[in-house]
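First up is the structure itself, then whatever we jot down about it.
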Amino acid sequence: MGEYNFKEIEIKWQKFWKDNDTFVVRKNTKLPKYYVLDMFPYPSGAGLHVGHPLGYIASDIFARYKRHKGFNVLHPQGFDSFGLPTEQYAILTGQHPNKTTKENIDRYRKQLDRMGFSFDWSREIRTSESNYYKWTQWMFILLFNSYYNIKKNKAESIIKIIKKFEKQGNENINAYCKNKKLSFDSSKWNSYKDYEKENILQEYRLAFISNVEVNWCEELGTVLANDEIVNGVSERGGYSVVKKNMKQWSIRIGAYSERLLKGLEKIDWSESLKEIQRNWIGKSLGASIYFEIEGSNQNLEVFTTRPDTIFGATFMTLAPEHKMVKNLTKPKYKKQVLKYIKSSSSRSEKDRMSDVKSITGVFTGSYALHPFNKKKIPIWIGDYVLANYGTGAVMSVPCGDQRDFDFAKKFNIKIENIFNKIDVSKKAYTEKGSVVLSNSKFLNGLNYSEAIKKVINELEKNNIGKSSINYKLRDAIFSRQRYWGEPIPIYFKNGMPIPLNIEDLPLLLPKVKNYLPTKDGSPPLGNAKFWAWDTINRKVVNKNLIDNIEIFPLELNTMPGWAGSSWYFNRYMDPNNSEEFVGSKELNYWKEVDLYIGGSEHATGHLLYSRFWQKFLFDHKLVPVEEYSKKLINQGMILGSSALIYRKVGTQEYVSKNLLENNKVETIRVDTSLVNSKNELNIEGLKKWIPEFKNSRFILENGKYIVGRDVEKMSKSKFNVVNPDKICDQFGADTLRMYEMFLGPIEQSKPWDTSGISGVHSFLKKLWRLYHPIDNFSINNQKASSDSLKTLHKTIRKVSQDIEDFSFNTCISSFMICVNELKSQKCNSKEILKPLIILLSPFAPHFCEEIWHLMGYRSSISNEMYPIYDLKFLIELEKEYPISFNGKMRFKKSLSLDLSENDIKKNILKDQRTINFLNGSQPKKIIVVIGKIINIVY
RNA sequence: GCUUCGGUGGCGGAAUUGGUAGACGCGCUGGAUUCAAAAUCCAGUUCUUUCGAGAGUGUGGGUUCGAGCCCCACCCGAAGUACCA
């Protein structure tokens, strides 16, 4: 063989790695561990495009690099295989999701395998397999059986709190609970019936069932998310949607708000991603204030971040859903209040959001009393106040809040100015600057931060309020009316939820004939006739015997997609364990993920839930660390370049791009494979592609139709996807790997342009040819020239540094420079090739493995140690640096004159400071060695 | 609106983190080889230019002997979030 035959080479070495278990993780080794994780894919029917493997390539390079560095590397892969598209395919075709999933996974595997990833497939996991979801169910039961101890700041067994209830009721029990009104002593508790006790425990459990308001669409037979509703009707079909209370499972993730926030400080994630999570958690500091209500002994509690503005409060506003609305509405106003509540509840949350500008509200007829000056404050209802944030009620300070200001203006409510020398006649003053308060009794003359301290002090002293913290993070709804998810391992005894015994897990998905919800609105599992739990024989039975004393109906909802992905990284450590979710020995060896690579679109989903889940497991001492991922890199998206043609409105005429002028046109996307590199459209191909174009007329320029281009997300529906298989066919996996890295920084989004790939491909060919001067592999065993050694060590130095910085694109550049130099030096020395090929092997593993074996080595190159650069080859690498200036000069790095070799090494290796320069004399030039100034010449 | 990140040739992007801006690659131009094409190789390629040089990293200012990088103000783009009191 003469030419670089990537096809043959890649098939050969992929087989070799598989046959030799090259990448199966070593057990019982004394090597240090390193855990490189990718976000496992959802195996969709569409297959992979070149955007998908970007992160996998990066992680694979790093995993291979770490193996060369002497680490025992865990680099697993699996599939997040429960999910909606598969289920919808099942609804459409009747094919069981299991079968679809398997087919899709097989397809994914083939595509992934072609790219030469060093995954340890013996550790593959699939969330939809019962030996995996058994443990997801197990953890759900653990959540169910836990409450959150706010004093110890951790989750504990619910049994502990039951014991406390028995002894002391719920006074001073330090348990996280949103329901503040719950109050009972021990005798009361002990007198409760089981279901009454359970109802109370539901307020404390970390997994609990409750009535939640959802959007129910009768015709579609399903719950819709807010974004699936447009103008009050379903997006698909345009059916009407009603608000409906449904029993739904939720996870009390809010208990972990503060820890989720604090934990961010300890992990090396990108600032933008941390910021997204911080915003999502949404901590705000402020105060709770209790307002007396005129003629009532009830209090109205509000939360505010601006208690300093309390003397500017001229009205109160409640959310329409607020519990006290009924009590507060005076008979005279009842009619309009009811009308208002009805109209606002029929608006979907989406409408409410899109229609921010119109201000609506209604007066209740009641008054609150100002806590300090006892002035009467009218109580209003307005839907700009959200029921599920804070207390669902605000004290409205029109002079200090724009929304309150607008509301006051609209309804002619008094606006009291409390800011010294500030004009609030046009708009509210919302800044927190140094402006001092006036018209505010004991707060007069104080600025923002002083006033806050003082007022909270006063509130607490008089027992009419306290400092308080609020989080936006809401409980996560855990029920899905779906078939293709983990069954929730709960049955209902007299309506009371009871978990299955641990030994009875997994609770397997039942067979159903139909994957749609049932007619009476039960989730798809309701189609299993019947799905119930026999508590005596401890097995699922399909009998309708729910009035029987030992057979009870099972929960019909399934878990959401994020359940299985919240802990999978722990399972990879010990994927086949049937006794535990992961063995403690493995857990203590691998501990946590050292490098996690995946997309930032999971910032408020998977990446938040999994952090919560890990903390929960940590509280139960089931995992050794509280944050499972030390370092996270978000790979950017690879964008596709869509091809656009332009149709004159109302005609079948298509105008070439540069002839558009003032024609009114619609743009239509066409398949990019119909366009060549000069943006010329293959019109015949287009006509064959979609018959619609058969009778179209094309207005050409210079005999060609030129298309427009638009860079956007790669997607099948935009006809701009590039299939990695095609690239592998044409250029090989090694070229694809290198090119994807070469495109730009890993974290950045960047457009795909296939024409650029020839650069990296010819790099590999060049290197190949360097060692195949005629036809066969040929290598020079003599000592390499000093120029070549310089080139080599420069490359080792740069590439090693850049890999550690995840700057893979500059690595590729360095390799290219290196090979160009070696080529001009006519160097085919083994002394150079051996280390170079190890250096390159994480990027182009097949290519390097081939050359490695051509050099006569027998075992895989991946066992080889990474080369270290030798400074002695670099020191001579001088660069003159002419410079002219006068006066003093300061350097961050040290210079000293007359350096010995040791001094130079020190200078290069350590950052040193200051230089004593230079009583007025001007240097003529400065000598720079590999980037650092080491000498000055006068 | 707020938050985060970014803005460098025709394009993707480098720049030793304050020290020769435009590495490397694509594209383009010219040349060699070829009957021709592909492939390969060589040279050139920020802009202006009167060929001396001058300008130049979104805009305007500042710090510095020296700024793509630091500071201030503004403009533009991307992402996240949004009546969160």
Side-chain angles (χ1 to χ4, degrees), chain A residues 3 270-280 282-284 286-287 302-307 309 313 317 319 352-353 355-357 359 382-386 388-397 400-404 406-407 430 470-474 600-601 603-604 634 636-637 677-678 711 738-739 742-745 747-763 765-766 769 797-798 801 807 809-818 820 823 879-893 908 911 917 922 925-926 928-933:
Chain A
E3 277 299 294
S270 75
E271 196 45 47
S272 67
L273 198 120
K274 287 184 184 180
E275 201 57 35
I276 292 172
Q277 292 209 341
R278 278 188 208 114
N279 286 342
W280 194 259
K283 179 179 184 174
S284 38
V302 302
F303 172 75
T304 176
T305 56
R306 297 295 303 274
T309 62
T317 315
R352 243 168 105 164
M353 267 153 49
D355 184 23
V356 191
K357 277 172 198 116
I359 298 156
D383 69 1
Y384 80 94
V385 178
L386 299 176
N388 43 23
Y389 181 76
T391 62
V394 299
M395 65 172 206
S396 302
V397 184
D401 183 289
Q402 193 56 44
R403 292 155 302 170
D404 296 344
D406 295 339
F407 196 88
T430 55
N470 243 290
Y471 299 92
K472 277 195 265 181
L473 188 64
R474 297 177 201 172
S600 60
E601 68 271 22
T604 55
N634 294 122
M637 227 187 307
S677 62
K678 288 177 185 159
V711 172
M738 292 190 75
Y739 185 54
F742 185 62
L743 280 174
E747 305 206 60
Q748 197 173 300
S749 289
K750 55 239 156 194
W752 176 268
D753 174 15
T754 304
S755 65
I757 204 168
S758 62
V760 281
H761 190 59
S762 61
F763 156 79
K765 285 199 283 191
K766 258 187 236 172
R769 229 174 288 129
R797 183 175 190 271
K798 185 84 168 78
Q801 260 172 22
S807 175
N809 54 330
T810 51
C811 289
I812 312 279
S813 297
S814 303
F815 284 125
M816 288 176 171
I817 295 168
C818 174
N820 283 340
K823 203 178 139 194
K879 200 170 161 194
E880 289 191 352
Y881 193 113
I883 194 164
S884 70
F885 49 79
N886 41 24
K888 270 195 287 179
M889 190 172 176
R890 285 191 302 273
F891 287 100
K892 239 187 169 178
K893 280 146 218 139
I908 293 166
D911 283 329
F917 218 58
Q922 286 188 25
K925 60 188 174 188
I926 294 176
V928 179
V929 172
I930 41 173
K932 309 243 161 140
I933 298 158

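Within every chain, numbering begins at 1; the chains are lettered A, B, ... in the order of the sequence lines, protein sequences first and strands thereafter.
Mapping Ser600(A) and Phe303(A) onto RNA chain B by nearest heavy atom places Ser600(A) at the nucleotide closer to the 5' end. Heavy-atom distances to RNA chain B give each of Pro745(A) and Arg306(A) a nearest nucleotide, and the one nearer the 5′ end belongs to Pro745(A).
To the nearest 0.5 Å, atoms CE (Met816(A)) and SG (Cys811(A)) are separated by 12.0 Å.
Nucleotide G52(B) carries a syn base; the chi torsion (O4'-C1'-N9-C4 or O4'-C1'-N1-C2) is within 90° of 0. Glycosidic conformation at G9(B) (O4'-C1'-N9-C4 for purines, O4'-C1'-N1-C2 for pyrimidines): syn, within 90° of 0. Taking the O4'-C1'-N9-C4 or O4'-C1'-N1-C2 dihedral as appropriate, U17(B) has a value within 90° of 0 and is therefore syn.
Between Lys766(A) and Asn820(A) there is a side-chain heavy-atom pair separated by less than 4.5 Å. Looking only at side-chain heavy atoms (C-beta outward), Trp752(A) and Leu743(A) come within less than 4.5 Å of each other. Inter-residue side-chain proximity for Arg474(A) and Asn388(A) is flagged as met; some heavy-atom pair is nearer than 4.5 Å.
Residue contacts for Glu747(A): at a heavy-atom cut-off of 4.0 Å it reaches no nucleic acid atom on any strand shown. Within the 4.0 angstrom heavy-atom criterion, only backbone atoms of the sugar-phosphate kind lie near Arg769(A); the bases stay farther away. Counting non-hydrogen atoms under 4.0 angstrom, Lys750(A) reaches the backbone sugars and phosphates but no base. Backbone-only contact: Lys765(A) has heavy atoms under 4.0 Å from sugar-phosphate atoms and none from a base.
Residue Leu743(A) has its side chain nearest to G12(B) when only U4(B), A82(B), G12(B) are considered. The side chain of Val394(A) has A85(B) as its nearest neighbour among U40(B), A85(B), A82(B). Between A39(B), U3(B), A85(B), one nucleotide has an atom nearer to the side chain of Arg403(A) than all others, and that is A85(B). Residue Lys823(A) places its side chain closer to C41(B) than to any other of C83(B), C41(B), A82(B).
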(message) Can you give me the dot-bracket string for RNA chain B, 5' to 3', counting Watson-Crick and G-U wobble pairs with both distances under 3.5 Å, using [ ] for crossing pairs and | for partners on another strand?
(response) (((((((..(((......[....)))((((((.......))))))(((....)))..(((((..]....))))))))))))....
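Atom name P, nucleotides U57(B) and G7(B): the rounded distance is 14 Å, in whole Å. Rounded to whole Å, the separation between the C1' atoms of G22(B) and G9(B) comes to 7 Å. With P as the reference atom, U20(B) and G13(B) are 23 Å apart, rounded to whole Å. On the P atoms, G80(B) is 36 Å away from G61(B), given to the nearest whole Å.
At C5(B), none of the side-chain N or O atoms of Gln748(A) fall inside 4.0 Å of OP1 or OP2 (strictly under the cut-off). Between Tyr389(A) and A85(B) there is a side-chain N or O to OP1 or OP2 distance below 4.0 Å. At A85(B), one or more side-chain N or O atoms of Ser284(A) fall inside 4.0 Å of OP1 or OP2 (strictly under the cut-off).
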Could you go over nucleotides 22-27 of chain B and give all protein N or O partners under 3.5 Å, atom names and distances?
residue, atom, partner, partner atom, Å
G25(B), OP1, Asn820(A), ND2, 3.3

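The distance between atom CG of Asn279(A) and atom C1' of A79(B), rounded to the nearest whole Å, is 12 Å. Following rounding to the nearest Å, His761(A) (NE2) and A39(B) (C1') show an atom-to-atom distance of 10 Å. The distance between atom CE of Met637(A) and atom C1' of G12(B), rounded to the nearest whole Å, is 17 Å.
When all heavy atoms are compared, the tightest approach of Val385(A) to Ala319(A) is O-CB, 3.3 Å.
Judged purely by atom type and a 3.5 angstrom limit, Ser270(A) uses its side chain to pair as donor or acceptor with the backbone of Leu273(A). Looking at Lys750(A), its side chain does come within 3.5 Å of a backbone N or O of Pro745(A) through a donor-acceptor pair.
Every residue was checked against the salt bridge (Lys or Arg N to Asp or Glu O under 4.0 Å) condition with Arg769(A), not counting sequence neighbours, and none meets it.
Between Phe407(A) and Tyr384(A), the ring-plane angle classifies as tilted under the 30° and 60° cut-offs.
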(request) Applying side-chain contact (heavy atoms from CB on, under 4.5 Å), run through Tyr739(A) and Asp753(A) and close with a yes or a no. (result) CA-CA 10 Å; Tyr739(A) 185 54; Asp753(A) 174 15; 4.3 Å; yes
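Donor-acceptor pairing under 3.5 Å is lacking for the side chains of Asn279(A) and Lys472(A).
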